[in-house]
Each structure stands twice: as C-alpha cells, then as structure tokens.
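Values in this document were obtained by computation on a predicted structure and should not be read as measured data.
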Amino acid sequence: MIAEDPETERHFTAYFGDLLSVKLRGRLRSAALVEDARQETFLRVLTALKKKRSLASAESLGAFVNAVCNNVLLETYRSSARATPLDEEVAEPEDGTPTAEWQILKGEEREQVREAIAALPQKDRELITWLFVEGRDKDAICRDLHVDRDYLRVLLHRTKQRFREQFAAMKPQE
C-alpha cells in the first residue's frame with residue numbers, strides 16, 4: 001500500500017509530481033505557489049490514503065489526485081481573493097511623506113486592531129501573536145498546541161473570522 005512504504009511514496013510523488021507541476025504552473029502565478037499547492041496535494045492524498053487504507057479501485061488514483069489538486073487550487077484562489085484593497089480615500093501622498101491626516105487615521109486603525117485582538121479569547125490572541133507578530137514557524141506552533149497542520153489551518157481560519165467580526169463591530173457606522 002502507498003501509505004505504508006516509503007519507497008512507494010517516493011515513486012508516487014515522483015510520478016505525480018511532474019504532472020501536478022505542469023497543471024499548477026499554468027494556473028498559479030509563482031513558483032512558490034506551485035510548490036506549495038503541489039506539496040499540499042501530496043499531503044492530503046497521502047493522509048487520505050493512510051486513513052482509508054485503500055481506494056475503491058487502483059485505476060481511480062489518478063482521478064483522486066487530480067480532484068484533490070483541484071480543491072487545493074480553489075482554496076488558493078479563494079485565499080488570494082480575500083485580500084481587501086486599501087481605502088482609496090486614505091492614500092499616502094505621491095512623494096512618500098504621509099500627511100498628518102493619514103498618520104492620524106492609520107494610528108486610529110492600529111488602535112482598533114489592538115482593541116479587536118484584545119477582545120478575542122486568549123488562545124486566539126496567542127495564535128495571532130505567534131503567527132503575525134512573532135512570525136513563528138507553523139510546525140513549531142503545531143507542536144506547542146499538539147495539533148496537526150490541517151487542524152492548525154482550521155484554528156487559524158476560525159481565529160481570523162472572529163477577528164474580522166470583532167474588528168467590523170468596532171468600526172464606526174457610516
């Protein structure tokens with residue numbers, strides 16, 4: 001079985017690695033994103049095979065890998081689409097020196113972010129601090145929290161959602 005034998009896993013990743021790279025290079029804008037998506041696909045496929053202990057049929061392995069890759073691609077697209085553009089009304093001047101108004105608005109926004117983070121549960125505050133302030137490695141965080149990478153992704157998603165809700169509630173209604 002693929003999930004039990006390191007040599008079989010190496011053969012599996014070598015066989016599907018080139019195919020996935022070709023597919024992903026045509027759809028993603030950077031080599032780093034291609035490699036991340038490829039590794040995430042392998043991780044999910046091998047994890048699924050280890051948990052289920054087999055596929056319905058060996059012939060469906062290629063289709064399964066392709067479907068997992070498609071899901072990873074969709075998640076990558078969604079995560080890049082979530083980036084919110086900055087307000088056009090509060091733009092930095094062209095010469096690069098911020099105006100007093102811009103500095104005040106950014107200071108107020110920073111304070112709102114601090115307040116939103118402070119209003120979160122302690123575990124959420126720690127996770128945000130570890131990842132975005134301290135820049136800690138996700139594997140180290142997983143070890144500290146005794147969770148795997150998949151569950152860390154879920155925890156981070158929930159934490160970000162709570163932060164967004166908290167931050168939105170603090171913004172003045174226009």
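Sequence neighbours left out, not one pair with a member in residues 116-144 passes ring pair (Phe, Tyr, Trp, His ring centres under 6.0 Å). Residue pairs that meet the salt bridge (charged side-chain N to carboxylate O under 4.0 Å, His left out) test with at least one member in residues 148-159, sequence neighbours left out, are E75-R153, D139-R149, D150-R153.
Shown here are the side-chain hydrogen bond (donor to acceptor under 3.5 Å, both in side chains) partners of E126, two or more places apart in sequence or in another chain: Q122. With sequence neighbours excluded, the residues forming a salt bridge (charged side-chain N to carboxylate O under 4.0 Å, His left out) with E111 are R114, listed by chain and number. With sequence neighbours left out, R27 forms a side-chain hydrogen bond (donor to acceptor under 3.5 Å, both in side chains) with no residue at all. With sequence neighbours excluded, no residue satisfies salt bridge (charged side-chain N to carboxylate O under 4.0 Å, His left out) with D18. With sequence neighbours excluded, no residue forms a salt bridge (charged side-chain N to carboxylate O under 4.0 Å, His left out) with R125. Shown here are the side-chain hydrogen bond (donor to acceptor under 3.5 Å, both in side chains) partners of Q39, two or more places apart in sequence or in another chain: E35. Taking the salt bridge (charged side-chain N to carboxylate O under 4.0 Å, His left out) definition, one finds that R143 meets it with nothing, sequence neighbours left out. With sequence neighbours left out, V133 forms a side chain to side chain contact (heavy atoms under 4.5 Å, CB included) with T129. Looking at residues two or more places apart in sequence or on another chain, you find a side chain to side chain contact (heavy atoms under 4.5 Å, CB included) between V65 and F12, F16, L20, T41, V45, L61. Residues passing the side-chain hydrogen bond (donor to acceptor under 3.5 Å, both in side chains) test with D144 are R136, sequence neighbours excluded.
Counting only distance, with no hydrogens or angles, the side chain of R25 and the backbone of S21 share a donor-acceptor pair below 3.5 Å.
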